[in-house]
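Because only heavy atoms are used, hydrogens play no part in the values below, and waters and symmetry mates are left out as well, while side chains stay in.
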Amino acid sequence: MIRNLLILLACSVALLLPAEQLTTVTVEAFTPRGSGGQAGTNGTDLAREFARELKTKEIYSIPPQQEARIAVTGSYFSYGDKNFIVLKAVSTESGEVLAVAVNGEKPFTALLAELADDLAAQIKAEGNVFLPPPQTALSAAGRLMNQVSGNRRNIQLVIQAGAQGPTVMRELARMLNYLGFAVNAKGAEPDFQLVVGGGTLKNDLPGTTAFLRMRLVDAKTKTVVTWSSGSATCTGENAAQEAFTSATFSAASDLLLKMAEAGK
């Protein structure tokens, strides 16, 4: 009986484990410096091969139209008998920057595995400083409180996000309330409509990608004030829900900052 209870407890704990957000990157074509090094070396090919090396470190390259957690740029050149590759990795979530450089008396392509090892090691060493943990409604709002003020203005939420609509509605409403907005206030005319659309996308990553689009509409003039989008990829039992939650905070943060910059 005790054994069965322990098995049941272990299964319950496993189901409660949060989904894991994948580490995703966009890798731009590497830029040649000086002579560009060896004849025939192509920056686009180097970037593509580097992305393959990163995949072996569980860092996944995604198309530029999706929002990656890390943006990577690099350059390459030759000096004397050595080839050099210099890399800059910027966290799109924290703004932190990592720099990595490798060199050796071998072809540029032969330096990419070491470059991927060094970048992966730096990302791991920096931990939550470089890639912050998944946001909550409170932490997402906290990052905006010095720039965005709701002043009890009423926002009507219009959610078109399929099966995950209730998750998006709940988390977005919490975030807006923390910032001082009223959400779907009864008996009050809305000042704005916040329309959310999107769906879950499948791709070659080992997880579920959620993509959301948002637009803010002036309820009185019916004109679009601004728009934004967000995406996230997660794995695990609750991958779809966690991905939608992360994508919601990403898109909403961008939209609210644009709203403040527009003087609304």
Side-chain angles (χ1 to χ4, degrees), residues 20-133 135 143 201 203-207 209 211 228-234 246-247 250-251 253-254 257-258 261:
E20 178 184 357
Q21 189 168 358
L22 294 186
T23 302
T24 55
V25 297
T26 54
V27 183
E28 294 185 14
F30 289 7
T31 304
R33 302 296 183 191
S35 64
Q38 299 172 339
T41 302
N42 182 283
T44 299
D45 292 340
L46 282 178
R48 188 180 298 116
E49 187 60 35
F50 181 63
R52 294 193 187 100
E53 292 289 347
L54 287 177
K55 188 174 181 180
T56 67
K57 313 299 176 188
E58 298 186 342
I59 301 173
Y60 300 93
S61 177
I62 62 175
Q65 61 267 30
Q66 295 183 35
E67 184 177 344
R69 304 182 73 191
I70 303 170
V72 171
T73 56
S75 61
Y76 60 101
F77 61 94
S78 296
Y79 185 78
D81 295 330
K82 289 186 177 182
N83 289 323
F84 295 76
I85 304 178
V86 179
L87 197 75
K88 181 172 76 172
V90 181
S91 168
T92 61
E93 298 175 356
S94 67
E96 294 291 320
V97 179
L98 300 178
V100 183
V102 294
N103 67 82
E105 296 179 3
K106 47 188 173 182
F108 288 107
T109 52
L111 296 171
L112 295 176
E114 181 185 351
L115 190 67
D117 284 340
D118 289 353
L119 178 59
Q122 281 205 38
I123 291 172
K124 183 177 181 180
E126 291 295 320
N128 290 342
V129 174
F130 187 67
L131 290 178
Q135 295 188 78
R143 294 182 178 184
L201 306 178
N203 52 34
D204 59 353
L205 300 182
T209 298
F211 178 80
S228 67
S229 63
S231 66
T233 303
C234 293
S246 295
S250 174
S253 296
D254 183 46
L257 285 173
K258 290 178 179 177
E261 290 170 359

Problem set entry | Any F84 side-chain heavy atom under 4.5 Å of L111 side chain | no
Problem set entry | Any L119 side-chain heavy atom under 4.5 Å of I123 side chain |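 Result yes, sub-4.5 Å side-chain heavy-atom pair found.
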Please output the side-chain donor-acceptor pairs of residues 44-54 that fall under 3.5 Å, not counting sequence neighbours, one pair per line with the distance.
residue, atom, partner, partner atom, Å
D45, OD1, R48, NH1, 2.9
E49, OE1, R52, NH1, 2.8

Between [X] and [Y], what is the shortest heavy-atom contact and its length?
{"X": "A251", "Y": "S229", "value": "CB-C, 3.6 Å"}
{"X": "A89", "Y": "V72", "value": "CB-CG2, 4.2 Å"}
{"X": "S228", "Y": "D254", "value": "CB-OD2, 3.3 Å"}
{"X": "V90", "Y": "G95", "value": "CG1-O, 4.4 Å"}
{"X": "P132", "Y": "E93", "value": "CD-OE1, 3.5 Å"}

Exercise. Does any pair with a residue in residues 75-90 pass salt bridge (Lys or Arg N to Asp or Glu O under 4.0 Å), and if so which ones, sequence neighbours excluded?
Worked result: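 Qualifying pairs: none.
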For this session: Could you please spell out the steps behind the side-chain contact (heavy atoms from CB on, under 4.5 Å) verdict for I85 and L112?
Result: CA-CA 8 Å; I85 304 178; L112 295 176; 3.8 Å; yes
For this session: Enumerate the residue pairs fulfilling side chain to side chain donor-acceptor pair (under 3.5 Å) with a member in residues 111-125, sequence neighbours excluded, ordered by first and then second residue.
Result: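 As it turns out, the side chain to side chain donor-acceptor pair (under 3.5 Å) pairs with a partner in residues 111-125, which skip direct neighbours, are K57-D117.
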For this session: Check whether the side chains of S75 and T31 place a donor and an acceptor atom closer than 3.5 Å, and report yes or no.
Result: no
Problem set entry | side chain to side chain donor-acceptor pair (under 3.5 Å) involving S250 - partner list, sequence neighbours excluded | E67
Problem set entry | Pairing residues for T23 by the side-chain contact (heavy atoms from CB on, under 4.5 Å) criterion, not counting sequence neighbours | I59, R69, I70, L131
For this session: For E96, enumerate each residue passing the side-chain contact (heavy atoms from CB on, under 4.5 Å) test, keeping only those at least two apart in sequence or located in another chain.
Result: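 E96 satisfies side-chain contact (heavy atoms from CB on, under 4.5 Å) with S94, V129, F130 only.
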For this session: Give, for atom CG of N42 and atom OG1 of T109, the distance between the pair rounded to the nearest 0.5 Å.
Result: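 Between N42 CG and T109 OG1, I get 12.0 Å after rounding to 0.5 Å.
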For this session: Supply the atom-to-atom distance F77 CZ to F30 CZ, rounded to the nearest 0.5 angstrom.
Result: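 So the CZ of F77 and the CZ of F30 are separated by 13.5 Å.
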Exercise. Is there a donor-acceptor pair under 3.5 Å between the side chain of Y76 and the backbone N or O of N83?
Worked result: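 Pair absent, no side-chain N/O of Y76 close to backbone of N83.
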